[in-house]
Amino acid sequence: GNSVTQMEGPVTLSEEAFLTINCTYTATGYPSLFWYVQYPGEGLQLLLKATKADDKGSNKGFEATYRKETTSFHLEKGSVQVSDSAVYFCALSEAGGSEKLVFGKGTKLTVNP
Amino acid sequence: SQTIHQWPATLVQPVGSPLSLECTVEGTSNPNLYWYRQAAGRGLQLLFYSVGIGQISSEVPQNLSASRPQDRQFILSSKKLLLSDSGFYLCAWSLSVPDTQYFGPGTRLTVL
């Protein structure tokens, strides 16, 4: 079945450091790919998405590129802030009419001042 | 604009008691609706989804059930809670398939 694997956390960085959170997927067909963010005590918010190969999603300084050849969708940010501390989830939307999202286990990011 | 509400925000219940969590969506029609559970230290587990009134698909066999009595209302229930039902319950909606899902603020359930 379809699955998403993302790097285990927690990740701890200093403010202004470069961030990469790796995400790879296994899927049949051509899924859409998403990054969601969950701030402490809150629900998930969509951070960015890409719907086809080579698309780049971007939002709030975060970027991720849909790489079909490596089945990856790594999340990057050039300079993190304390306010970026959260749990980040990579997800794919199964193609072929399914309504489901398949999520990775999440990566907790802590940014220290 | 669309908004999604969940209540209650937090709930502490004894083992064996019933449960009813409610989710409502405003500002859209005929959404797909989803219930997820996020247990401590785990990822998100899809419990139920619904593509229309009275249409419920279950992903994981358990002592929970879901109902959709109205177009924009989704209810998660249990007749007898277990300790393992503790977690953070999230409701979400989407308009089309495949499409972005939008999440509510969640309900934190503690079963003692």
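On a predicted model such as this, the values are computed, not experimentally measured, just so you know. Numbered from 1 within each chain, the chains take letters A, B, ... in sequence-line order.
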Contact class of B:Gln6 relative to chain A, heavy atoms under 4.5 angstrom | neither
Within a radius of less than 6.0 Å around CD of A:Glu8, do more than 12 heavy atoms belonging to other residues, nucleotides or ligands occur?
-> no
Filtered by a 4.5 Å non-hydrogen cutoff, the part of residues 104-112 of chain B contacting chain A is B:Gly104, B:Pro105
Would B:Leu81 end up clustered with B:Leu11 when hydrophobic side chains under 4.5 Å apart are linked, directly or stepwise?
-> yes
Honestly, the part of A:Gln38 sitting under 4.5 Å from a heavy atom of chain B is side chain
Evaluate whether atom CD of A:Glu15 has more than 12 neighbouring non-hydrogen atoms of other residues, nucleotides or ligands under 6.0 angstrom away.
-> yes
Do the side chains of B:Trp35 and B:Trp7 join up, straight or via other hydrophobic residues, at under 4.5 Å, putting them in one cluster?
-> no
Identify whether A:Tyr66 and A:Met7 are in the same connected component of the hydrophobic contact network (ILVMFWY, side-chain heavy atoms under 4.5 Å).
-> yes
Check whether any side-chain heavy atom of A:Leu101 sits under 4.5 Å from a side-chain heavy atom of B:Tyr36, and report yes or no.
-> yes
Indicate if A:Leu47 and A:Tyr39 have the same hydrophobic cluster label, given that clusters are the connected sets of ILVMFWY residues with side-chain heavy-atom separations under 4.5 angstrom.
-> yes
Shared ILVMFWY cluster between B:Leu83 and B:Leu19, side chains joined below 4.5 angstrom?
-> yes
Tell me, side chain or backbone of A:Leu44 under 4.5 Å from chain B's heavy atoms, or both, or neither?
-> both
Between A:Tyr36 and B:Gln101, the two heavy atoms sitting closest are OH-O, 2.8 Å
Indicate yes or no: at least one non-hydrogen side-chain atom of A:Phe89 is less than 4.5 angstrom from one of B:Gln38.
-> yes
